[in-house]
Amino acid sequence: AQTVTQSQPEMSVQEAETVTLSCTYDTSESDYYLFWYKQPPSRQMILVIRQEAYKQQNATENRFSVNFQKAAKSFSLKISDSQLGDAAMYFCAYNDRGSARQLTFGSGTQLTVLP
Amino acid sequence: DSGVTQTPKHLITATGQRVTLRCSPRSGDLSVYWYQQSLDQGLQFLIQYYNGEERAKGNILERFSAQQFPDLHSELNLSSLELGDSALYFCASNKGTVQETQYFGPGTRLLVL
């Protein structure tokens with residue numbers, strides 16, 4: 001079974017600084033998708049960024065970018081120019097082309113942004 | 001706003017009771033996924049429906065059941081409720097292929113007293 005591990009339960013960053021959230025996963029599949037979702041205090045799950053495993057280029061969405069290392073099964077999220085609104089729980093998630101289409105989530109990293 | 005709607009937003013009930021959570025997917029989406037978020041178990045997949053048929057099952061208890069109706073909305077039925085069923089229940093939708101991102105509804109907060 002696929003597993004997703006987020007080893008940093010909590011992190012903090014100063015406003016305008018850069019922070020990197022870590023995620024590792026375990027799979028025997030070669031074709032899969034990775035996601036970062038953000039869950040602010042409202043509890044809404046919001047997609048931040050996604051990465052297709054067959055693409056070597058790291059995904060980027062404005063201030064959010066990933067460092068995807070397929071061989072190492074690592075998928076970190078970098079947030080540049082952190083803003084107060086970035087404070088949230090961040091979840092790393094995985095799914096593949098198997099018969100099941102569900103997302104497998106990590107345990108989350110609570111990000112605090114300090115003014 | 002993801003386009004996925006869930007009702008009710010909050011639900012408070014007693015142990016032993018039965019509740020129904022409702023989800024309407026985004027326009028054009030055929031697949032609905034149910035997830036449970038609890039403090040001790042994290043985010044867990046419960047069940048997936050595609051165009052009215054069950055496609056995948058996760059860690060769903062036998063006391064729980066779901067269905068997807070012809071208009072594609074879905075209902076999650078939770079019965080014989082226990083204190084441990086208190087959680088945030090999310091519905092997500094997409095067109096049903098793995099390439100498609102799942103978009104989440106706002107969730108239903110269930111509190112069992």
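To find a chain, count down the sequence lines: A is the first, B the second, and so on, and within it residues start at 1.
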Greater than 12 external heavy atoms within 6.0 Å of [X]'s [atom1]:
X: B:L39; atom1: CG; value: no
X: B:K57; atom1: NZ; value: no
X: A:K70; atom1: NZ; value: yes
X: B:D71; atom1: CG; value: yes

Q: Would you give the length of the straight line joining atom CG of B:N59 to atom CD of A:Q102, rounded to the nearest 0.5 angstrom?
A: 9.0 Å
**Q.** Separation between CG of A:N95 and CD of B:Q102, rounded to the nearest 0.5 Å
**A.** 6.0 Å
Q) After noting the C-alpha distance and the side-chain angles of B:S2 and A:M45, does the key distance pass the side chain to side chain contact (heavy atoms under 4.5 Å, CB included) rule? A) CA-CA 9 Å; B:S2 66; A:M45 293 290 287; over 6 Å; no
Q: Please name the residue in the list B:Y103, B:F104, B:F90, B:Y35 that meets the ring-ring contact (aromatic ring centres under 6.0 Å, His included) test with A:Y37.
A: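 When B:Y103, B:F104, B:F90, B:Y35 are each tested with A:Y37, the ring-ring contact (aromatic ring centres under 6.0 Å, His included) holds only for B:F104.
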Check whether [X] gets within reach of chain B through its side chain, its backbone, both or neither, counting any heavy atom under 4.5 Å.
X: A:L103; answer: both
X: A:Y32; answer: neither
X: A:S42; answer: backbone

(Q) Is it the case that the side chains of B:Q37 and A:Q39 hold a donor-acceptor pair, with the cut-off being a distance below 3.5 Å and no angle test? (A)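 Their side chains do contain a donor-acceptor pair, which is all the 3.5 Å distance test asks for.
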Any link between [X] and [Y] through a network of hydrophobic side chains (Ile, Leu, Val, Met, Phe, Trp, Tyr) touching at under 4.5 Å?
X: B:L61; Y: B:V112; answer: yes
X: B:L78; Y: B:L11; answer: yes
X: B:L30; Y: B:L76; answer: no

Q | Part of B:L88 lying under 4.5 Å from any heavy atom of chain A | A | side chain
Q.
Please confirm whether the ring centroid of A:F105 lies under 6.0 Å from the ring centroid of B:F45.
A. no
